[in-house]
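Quick notes on the structure that follows.
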Amino acid sequence: MERDYQPQVIEPEIQKYWDSEQTFKTIENPDQPKFYCLCMFPYPSGKLHMGHVRNYTIGDVISRFMTMKGYNVLQPMGWDAFGMPAENAAIKNQQPPAAWTYDNIDHMRGQLKRLGFGYDWDRELATCTPDYYRWEQWLFTRMVDKGLAYRKKARVNWDPVDQTVLANEQVIDGRGWRSGALVEQREIDQWFIRITDYADELLDDLDAVDWPEQVKTMQKNWIGRSQGVEFSFERKGSEERLEVYTTRPDTIMGITYVAVAAQHPIATQAAASNLEIQAFIEECAHMSVAEADLAQAPKRGMATGQFVIHPFTGEEIPIWIGNFVLMEYGSGAVMAVPGHDQRDWEFATQYGLPIKPVIQPLDDDPEYDLSEKAWCEKTGVTVHSGRFDGLPFADAFKAVAEALEEMGIGRVTTNYRLRDWGVGRQRYWGCPIPVIHTDEGLKTVRDEDLPVTLPEDVVVDGSGSPLATRSDFVETVDPDTGRPAKRETDTFDTFMESSWYYARFASAFSDDAMLDAHANHWLPVDLYIGGIEHAILHLLYARFFHKVLRDLGLVNSDEPFKKLLTQGMVLKDGSKMSKSKGNTVDPQALIDQYGADTVRLFTMFAAPPELSLEWSDDGVAGAHRFLKRIHALVTEHLDQGRHVSNELVDLEGLSDEARDVYRKLHETIAKVSDDIGRRYHFNTAIASIMELTNSVMKFDATGDADWAVRSEAVEAIVILLSPITPHITEHLWSSLGHQNSLMDVPWPKVREDALTRHTLTLVVQVNGKLRGRIEVPSDADQTTILTMARDEPQVAKFLEGMVEKKAIVVPQKLVNLVVAPA
RNA sequence: GCCGGUGUGAUGGAAUUGGUAGACAUACCGGACUUAAAAUCCGGAGAGGGAAACCUCGUGCCAGUUCGAGUCUGGCCACCGGCACCA
């Protein structure tokens, strides 16, 4: 065996060995338990970044661990290959997006292999290939058939100079990122999918998945189911009525104005005869369409000069246009109760509109001061509300709702914050929407004509869609009539591709259907791992798709991801690594310098997965040093020539020191198994292996019994570390005389009899402060423990002149004596 | 703005169910080896006080619950993620 640790020699050798042995080919044996471990697939942006390395190392560690635990593991990898960056790169480099993407995929695949991830590469997929997206097109046509997809107008950011639609991130301070032109809002016809049809199920099924509470809460709030009342106002001098939705009908007597969105027909109508309003609406149309921008913009508004009639008082109430009212939520109009809604309060205060208190707290609430802010609690009773006076929230809600219903102008409804999913994108590098425009209207493309293939030899210059100018793509024929027709040139939102790839991996070899029976063998994904930034959108869309697939009979489960592990970001100097900040760390350079195992070890050791990970070059060097120590430990161990394998250690014959090392060994096995298998806290698993290593290195083995302990410990260290640093351990395993791969070695079992202790150390506190320690027999009773605690000299000191009020004994842990001066 | 998180030594973090705060590392300091340096090995170390034994304080800030709070509750502050066309 060579003396030094040489990762650059070992790692490619081991990777070749795995390759030739087909170590990571998926086994699908119905008699064995299955485990589908999936990491969010990467966008092929060029090269791997540290976030990828972290994500995929977590998945690989768990996959290897589960394989050693006897599971059939499916761990696939693929490419989320459509998207904007390819178009941006194309503009910059005059290279077609397809070529750029495929080059990147080749490079990044090489990097993943160099990191030693155990993927079943036979199942690799790239979403930009027709083999993949044809099934997405097929699914979309089914959605159209079922009425799940429909056309609707939607607002987009329009760059008037580049003549193109901009993504929200391409709008910087209200201007197009390339042209610098003031962005406008435009309404265009778009395809939408009725995700709201599944809103209740998407909400309720959250209870059935093993996901972090915070993610479930975010999704719940995003869906935002609320009980409210929908009703309409009579408009003064108009036949038409104004529809509003409110979750607080109990405050209806406190309405002092009504606010409509700038896109609301009333606003448009008012603008027709008023230049000021026209200018105001025009100004609103120059905002970004992003909700975050709207919510933070200063509240602005303008009176329309029109009025509605209060349904109960008959009072005239002014209609205002407010830039904070969303056209997409409810009916684009709200009744404003400034006394009991903070947003309404701010708007009213700014424009001098009256504030009318109609809810009063039951007890004196120092927070109740309507000249300072609105009081929004639902715990009060109605006042100044005429016939509705004196009612608590639920009763007032009911009474008002019933009254409106009796008048035939309102009803109780369930409303959702969730909106239908707009899936059309006016971009080139995406999956073509399989629709043709014929003289008989819109038609979906027939199954036998799928896929609609995206031409890959295009020139992208940043203005307009390259597809629209490709007559060979656009010009087609209506198969029903034989007359000319035009293809849709919009492509799908790339969230469409990432909403079902997890299922395709399980059914990767199916040529004649989107999914086959293998999908149900593997699904749902047992563990899904990815960035917390996907907590809402991607995960919600994928859950929705899964339910659609289920309703089409393609899968038989309700949820796609049984368990979810969300990883934090990789930071450097306290902030997210990014090119613009110039604080990126290229994993490739580290692999070249230290090898894949060191990079894997550092990223797993530096922090638990869900926390952000602060990058440290020194930390990487430290991880490498540890691997050198492990290498030296095994080398020196073998040098002694007394290594034994598979020898059952006889506990009775051990010295105290050997017994301690042996207990530590089995405690470590228990700890590492729990940390990797249940907690996913790899940093503490590694720390405990380091502790064990330190103990074994200090252990001076003499007799045969000692060497049996030492040998078992050395082998266990190699096995326990193998999911994290698979190359060096595979290499050392073979040095230790084994012929098989560690992937075929069962995960070690804890020997319970090795864990027992004769004595325990208990901490003794006096009034909650640590004052001493006692060594007690592990079977000592409470009286004995208390006597020993009181007699401990350090403790006794603090008991002098005191009366003991109480004594608390926490088994295995501590004693707390509560005393007071006599 | 709204929703969700995070905050512990010089640094990354540990403390899993309310029970020894700082495991394991990194950086640093001292020692061994070396002509020297690197590498490696051994040792030290939260802050303050003390010759020492020990004592006091200490988990972003302010209150509270408890025999006992890093952990639970309320209020603040700072930072991070998401906000529907970034993926």
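Note on naming: letters A, B, ... go to the chains in the order of the sequence lines (proteins, then strands), and numbering restarts at 1 for each one.
The ring pair (Phe, Tyr, Trp, His ring centres under 6.0 Å) test with A:Y132 is passed by exactly one of A:W79, A:Y501, A:W500: A:W500.
Ion pairing of A:E614 with A:R54 is absent here, as no side-chain N (NZ or NE/NH1/NH2) approaches a carboxylate O to less than 4.0 Å. Here A:E346 pairs with A:K299 in a salt bridge; the nearest charged N to carboxylate O distance falls below 4.0 Å. Salt-bridge formation is not detected for the pair A:D341/A:R248: no Lys NZ or Arg NE/NH1/NH2 atom is positioned less than 4.0 Å from an Asp or Glu carboxylate oxygen. Taking 4.0 Å as the cut-off between side-chain N and carboxylate O, A:K664 and A:E691 count as a salt-bridged pair. Under the 4.0 Å criterion applied to side-chain N and carboxylate O atoms, A:E792 and A:R773 are not assigned as salt-bridge partners. Taking 4.0 Å as the cut-off between side-chain N and carboxylate O, A:E667 and A:R757 count as a salt-bridged pair.
Nucleic acid contact class of A:V818 (heavy atoms, under 4.0 Å, all strands): sugar-phosphate only. In this structure, A:M569 reaches the sugar-phosphate backbone alone: every heavy-atom distance under 4.0 Å involves primed, P, OP1 or OP2 atoms, never a base. Looking at heavy-atom distances under 4.0 Å, A:F605 makes contact with a base. Within 4.0 Å (heavy atoms only), A:K671 reaches at least one base atom of the nucleic acid. Residue A:S612 is classed as a sugar-phosphate contact, given heavy-atom separations below 4.0 Å to backbone atoms only.
Using the six-membered ring where Trp is involved, A:H534 and A:H538 have ring planes that are perpendicular, over 60° apart on the 30 and 60° scheme.
The 5' end of RNA chain B is approached more closely, in terms of each residue's nearest nucleotide, by A:P608 than by the other of A:D618 and A:P608. Ranked by how close their nearest RNA chain B nucleotide is to the 5' end, A:Q214 and A:A687 are led by A:Q214.
Distance, A:E792 CD to B:U20 P: 17 Å, rounded to whole Å. If you take CD of A:E610 and P of B:G4, they are 19 Å apart, rounded to a whole angstrom. A straight line from NE2 of A:H681 to P of B:G12 spans 17 Å, rounded to a whole angstrom. The CG atom of A:L611 sits 13 Å away from the C1' atom of B:C79 (whole-angstrom rounding). Rounded to whole angstrom, the span from the CG atom of A:N221 across to the P atom of B:G1 amounts to 17 Å. For the pair A:E667 CD and B:C24 C1', the interatomic distance rounds to 16 Å; values are reported in whole Å. Straight-line distance from the CG atom of A:D4 to the P atom of B:U40: 12 Å, rounded to whole Å. In this structure, CZ of A:F347 is placed 19 Å from P of B:G1, rounded to the nearest angstrom.
Separation of the P atoms belonging to B:G81 and B:G43 is 42 Å when rounded to the nearest angstrom. Taking atom P in both B:U26 and B:C41, the straight-line distance is 10 Å, to the nearest Å. Spacing of P atoms, B:C72 relative to B:C28, comes out at 36 Å, to the nearest Å. Straight-line distance between the P atoms of B:C61 and B:A45: roughly 26 Å, to the nearest whole Å. Comparing B:C62 with B:U71, their P atoms sit 13 Å apart, to the nearest whole Å. Atom name P, nucleotides B:G74 and B:C55: the rounded distance is 36 Å, in whole Å. Of the P atoms belonging to B:A25 and B:U40, the separation is 14 Å, rounded to the nearest Å. Between B:C3 and B:U20, the two C1' atoms lie 39 Å apart (nearest whole Å).
In this structure, B:G9 is classed as syn because its glycosidic torsion stays within 90° of zero.
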| query | Going 5' to 3' along nucleotides 82-87 of chain B, which nucleotides have protein heavy atoms under 4.0 Å from the base (write B), which only from the sugar-phosphate (write S), and which from neither (write -)? | reply | SBBBSB
| query | Going 5' to 3' along nucleotides 51-57 of chain B, which nucleotides have protein heavy atoms under 4.0 Å from the base (write B), which only from the sugar-phosphate (write S), and which from neither (write -)? | reply | ---SSSS
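Under the 6.0 Å cut-off for aromatic ring centres, A:Y502 and A:Y528 do not qualify, their centroids lying 6.0 Å or more apart. Residues A:H624 and A:Y5 place their aromatic rings such that the two centres sit under 6.0 Å apart. Aromatic rings of A:W615 and A:F602 (six-membered ring for Trp) have centroids within the 6.0 Å cut-off, being under it.
Between A:R629 and B:A39 there is no side-chain polar atom (N or O) within less than 4.0 angstrom of OP1 or OP2. Between A:N683 and the phosphate of B:A14, there is a side-chain N or O to OP1/OP2 separation shorter than 4.0 Å.
Among the nucleotides B:A23, B:G19, B:U40, the one closest to the side chain of A:E691 is B:A23. For A:N816, the side-chain atoms get nearest to B:C67 when compared with the rest of B:C67, B:C24, B:G13.
Counting only distance, with no hydrogens or angles, the side chain of A:E377 and the backbone of A:T379 share no donor-acceptor pair below 3.5 Å. Judged by distance alone, with hydrogens and angles left aside, the side-chain atoms of A:D420 form a donor-acceptor pair with the main-chain N or O of A:I195 at under 3.5 Å.
For the strand RNA chain B, secondary-structure stems (runs of at least three Watson-Crick or G-U pairs, all distances below 3.5 Å) span B:1-7 with B:77-83, B:10-12 with B:24-26, B:28-32 with B:40-44, B:46-49 with B:54-57, B:60-64 with B:72-76.
The base of B:U40 does not come close enough to the side chain of A:R625 for any donor and acceptor atom to sit less than 3.5 Å apart.
Across A:I774 and A:I785, no two heavy atoms sit closer than the pair CD1-O, 3.8 Å.
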